[in-house]
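Just so you know, residue 1 is the first one in the sequence shown, and it goes up from there.
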Amino acid sequence: MANFIDDIPEARRETLVARTEPSVAKSSSSLVPWLLLITSVLGLAGLGIFWWLKPSPPLANAPADSATADVPPPVNPGATETTGAAIASESATIAAASPTDTPANSEPDTPNSLLGHRPYPLADASGLVTISTNAMVRLKPEVAQKVETMMTQARAAGIRLDVISGFRSLEDQEYLFFELKAERGQTTETRAEVSAPPGYSEHHTGYAVDFIDGAQPAADLNASFENTQAFGWLKENAAYYGFEMSFPKGNDQNVAYEPWHWRYVGNQESLELFYQD
Ligand SMILES: [Zn+2]
């Protein structure tokens, strides 16, 4: 090493001399290429060492980096495992939940209700019959028969129980909901408290009726109906004929109290219609 270091200045001197004095350069010409080669080799080697050492500081720091780099790998696999497990358990939950939840939860809550009113299929109008006291009122035959008996029994007790409304078509309900809403300048929510949107009225089924008291027409279709004798009779007797009040005070559909509106739940079809939840 010491020889090489000593030789380098000489070689440089020689090359300098060789440039300035070609004759001298010629005399020592045999040494010059070798010295140049050694210089360049050493120079390249020096550069090589420099570049090799230059990346090495990062490599020297690597223990810290690789330590931190090593930490994430154990963490990452763990994380991916947990997320993987989470996804697996989620999908398992979904898979397990979907068969039962889809029919039970999503259907009744979201698509089945509108402004608190449930959708009802339209009764086949050709299968409906009118009642003896009002040719405008059409009901399912079984319901009409019960209503006739109820009116007869009530009248026997001196009470003028009657029915003002039964089956309603979509057009009937469109008028009641949209046209009256516009006429009265009501908000949608306000209208929905007292009337169902078309397709969402129990009257579509032919199983719902609006009772009145023939002795007190002022109480027709309003809350004061609860003070009539007809309502008193219904409260005591309607259940015996398969009827129940659809919208009592504080009903979970948030529909306004309607003491005059009753529905028939005396057969399987009507029960499934009104208790479809
Ligand atoms: Zn009604």
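- When side chains are defined from C-beta on, Ser246 does not count as touching Glu258, because their heavy atoms never get closer than 4.5 Å.
- The CG atom of Asn222 sits 12.0 Å away from atom CD1 of Ile212, with the distance rounded to the nearest 0.5 Å.
- When the shell of 6.0 Å around CD of Glu174 is examined, it contains more than 12 heavy atoms from other residues, nucleotides or ligands.
- Hydrophobic clustering (ILVMFWY, side-chain heavy atoms < 4.5 Å, transitive): Val194 and Leu115 are in distinct clusters.
- Note: His117 NE2 to Glu193 CD = 8.5 Å, rounded to the nearest 0.5 Å.
- From Lys146, atom NZ reaches atom NZ of Lys140 across 15.5 Å, with rounding to the nearest 0.5 Å.
- No continuous path of ILVMFWY side-chain contacts below 4.5 Å connects Val209 to Val129, so the two sit in separate hydrophobic clusters.
- Residue Asn227 places its CG atom among more than 12 non-hydrogen atoms of other residues, nucleotides or ligands, all under 6.0 Å distant.
- Here Glu142 pairs with Tyr264, Asn267 under the side-chain hydrogen bond (donor to acceptor under 3.5 Å, both in side chains) rule; sequence neighbours left out.
- Of the inter-residue distances, the one linking Phe231 atom CZ with Met245 atom CE reads 4.0 Å to the nearest 0.5 angstrom.
- Arg191 places a side-chain heavy atom less than 4.5 Å from the side chain of Phe177.
- Using a 4.5 Å heavy-atom cutoff, the side chains of Trp260 and Asp220 are not in contact.
- Grouping Ile, Leu, Val, Met, Phe, Trp and Tyr by side-chain contacts under 4.5 Å, direct or through others, puts Leu170 with Leu122, Leu128, Phe167.
- Nearest heavy atoms, Asn112 versus Tyr200: O-CE2, 4.1 Å.
- Taken together through direct or relayed side-chain contacts under 4.5 Å among Ile, Leu, Val, Met, Phe, Trp and Tyr, Ile159 and Trp262 form part of one hydrophobic cluster.
- Contacts classified as side chain to side chain donor-acceptor pair (under 3.5 Å) and involving residues 229-244 (residues at least two apart or in different chains) are given here: Glu244-Arg263, Glu244-Tyr275.
- When every heavy atom of Ala135 is checked against every heavy atom of Thr130, the shortest pair comes out as O-CG2, 3.3 Å.
- The shortest non-hydrogen separation linking Leu139 to Gly206 is CD2-O, 3.7 Å.
- Separation of atoms OG (Ser165) and CZ (Arg138) is listed at 10.5 Å; rounding is to 0.5 Å.
- Without hydrogens or angle criteria, Thr149 side chain to Gln145 main chain gives a donor-acceptor distance under 3.5 Å.
- Side-chain contact check for Arg155 versus Asp162: some heavy-atom pair is nearer than 4.5 Å.
- In this structure, the separation between CG on Leu234 and CZ on Phe243 is 9.0 Å, given to the nearest 0.5 Å.
- Closest approach of Arg168 and Asp210 over heavy atoms only: NH2-OD2, 3.1 Å.
- In plain terms, the two heavy atoms of Ala223 and Pro259 that are nearest each other are O-CG, 3.7 Å.
- Inter-residue side-chain proximity for Ser195 and Gln173 is flagged as met; some heavy-atom pair is nearer than 4.5 Å.
- Taking Arg160 as the reference, nothing meets the salt bridge (Lys or Arg N to Asp or Glu O under 4.0 Å) condition, with sequence neighbours excluded.
- Counting all heavy atoms, side chain and backbone alike, Gly166 lies closest to Val137 at N-CG1, 3.9 Å.
- You'll find the side chain of Phe225 stays beyond 4.5 Å of the side chain of His261, heavy atoms only.
- Its side chain within the 4.5 Å cluster rule, Leu176 clusters with Tyr175, Leu180 among the Ile, Leu, Val, Met, Phe, Trp and Tyr residues.
- Considering only heavy atoms from C-beta on, Asn254 stays 4.5 Å or farther from Glu189 through its side chain.
- Think of Phe247 as one node in a network of Ile, Leu, Val, Met, Phe, Trp and Tyr side chains linked at under 4.5 Å; its network also takes in Val255.
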Verify side-chain hydrogen bond (donor to acceptor under 3.5 Å, both in side chains) between Glu148 and Ser132, making sure each step is shown before the conclusion.
CA-CA 8 Å; Glu148 296 286 358; Ser132 61; 2.7 Å; yes
